[in-house]
Amino acid sequence: MTLKDVYNKLLEKYGYQNWWPVHEGQNSIAEITFGAVLTQNTSWKNVEKALDNLIKHNMLDFEKVYYSDIEFLKELIRPAGFYNQKAKTLKAVSKLFLEKPHKDITREDLLSIKGVGKETADSILLYALNKPYFVIDAYTRRFLSRISLLSDKIDYDDYDSLQSFITQNIEMDLEVYKEFHALIVKHCKELCTKKPKCEICFFNCEVKITEGLKIEKRADS
DNA sequence: AGCCAGGCCAAGC
DNA sequence: GCTTGGCATGGC
């Protein structure tokens with residue numbers, strides 16, 4: 001089974017996820033960028049509340065956020081948690097987007113911002129700026145390590161090596177990158193959960209559940 | 001009633 | 001270098 005087979009199977013089972021943009025008629029680049037920051041270690045439901053607050057106050061906008069009163073900004077994004085640090089990060093990201101033409105914004109530019117790590121940077125690059133960076137997150141690590149599709153030599157905790165391994169084993173295609181990541185998230189919420197539902201999963205992978213909780217590698221294959 | 005969510009950073013070994 | 005704690009809210 002190739003990575004592309006996995007992608008096709010997920011797509012067949014779950015269909016297109018169409019993550020972004022969420023809100024029609026809004027500044028989708030700002031929405032995606034802010035959403036990527038706000039969702040750090042936070043459920044999307046809470047992010048939605050924060051985004052709704054921003055929309056309500058016409059703040060889905062780099063300039064508005066950059067020049068906003070930070071205490072007010074904190075109040076708006078409060079439901080998304082970690083609001084003290086995220087408010088600063090949103091301002092810093094907005095500054096970058098105001099100062100530099102979007103097409104010239106690089107991964108290094110984003111990573112130099114405090115509060116923006118690799119996953120957030122790659123999410124912004126891929127979904128907001130349409131640049132082919134494959135997003136790695138906790139779900140991707142979990143799913144890919146469980147199906148044991150990649151080389152044994154891969155360190156699933158090393159972001160860069162996992163990312164480059166993936167991009168070397170699937171075609172470079174914006175839509176595939178976007179949809180694949182979204183499908184992995186979907187699958188990890190539905191079946192490949194922390195305590196996986198292998199009995200009803202359509203992948204025959206290397207993981208089985210023993211005694212309800214512990215996960216072990218299968219002896220065979 | 002904990003535990004967890006689409007991480008990241010800085011301090012402490 | 002690697003590990004750990006802090007950051008915060010809301011849903012299940």
(message) Could you tell me how far B:dC4 sits from C:dG5 if I compare only their P atoms? Round to whole Å.
(response) 15 Å

(message) Going 5' to 3' along DNA chain C, which are the first and last nucleotides with any atom under 4.0 Å from a heavy atom of chain A?
(response) C:dC7 to C:dC12

(request) Check A:Lys131, A:Arg107, A:His181 against A:Asp122 for a side chain to side chain donor-acceptor pair (under 3.5 Å) and give me the one that passes. (result) A:Arg107

(request) Could you give the distance separating C:dG10 and B:dC8 at their P atoms, to the nearest angstrom? (result) 22 Å

(request) Test the A:Lys9-A:Phe202 pair against the cation-pi criterion, namely NZ or CZ under 6.0 angstrom from the six-membered ring centroid and within 45° of the ring axis. (result) no

(message) So which atom in A:Asn27 and which in A:Asp61 form the shortest heavy-atom distance, rounded to 0.1 Å?
(response) ND2-CA, 4.4 Å

(message) Holding to side chain to side chain donor-acceptor pair (under 3.5 Å), I want the full list of residues that pass it with A:Thr42, two or more places apart in sequence or in another chain.
(response) A:Lys86

(request) Flag yes if A:Tyr133 and A:Leu174 sit in one hydrophobic cluster, no otherwise; membership is Ile, Leu, Val, Met, Phe, Trp, Tyr, and two members link when side-chain heavy atoms are under 4.5 Å apart. (result) yes

(request) Would you kindly say whether A:Lys178 and A:Asn130 are connected by a side-chain donor-acceptor distance under 3.5 Å? (result) yes

(request) Taking only Lys NZ, Arg NE, NH1 and NH2, and the carboxylate oxygens of Asp or Glu, determine whether A:Arg78 and A:Glu75 approach each other closer than 4.0 Å. (result) yes

(request) Check side-chain contact (heavy atoms from CB on, under 4.5 Å) between A:His57 and all other residues, then give those that pass, not counting sequence neighbours. (result) A:Met59, A:Phe72, A:Leu76

(message) Please report the distance separating the P of C:dG6 from the corresponding atom of B:dC3, rounded so that it comes out in whole Å.
(response) 16 Å

(request) For nucleotides 5-13 of chain B, just jot down a letter per nucleotide in 5' to 3' order: B, S or -, based on protein non-hydrogen atoms under 4.0 Å. (result) BBBSSS---

(request) Considering only atom P, compute the distance from B:dA10 to C:dA8 and round it to an integer number of Å. (result) 14 Å

(message) Using 0.5 Å steps for rounding, measure from the NZ atom of A:Lys91 to the CZ atom of A:Phe62.
(response) 14.0 Å

(message) Both atom distances under 3.5 Å, Watson-Crick or G-U wobble: I'd like the secondary structure of DNA chain C as a dot-bracket string, with | for pairs made across strands.
(response) |||||||.||||

(message) I'd like to check the side chain to side chain donor-acceptor pair (under 3.5 Å) partners of A:Ser123; sequence neighbours left out, ordered by chain and number.
(response) none

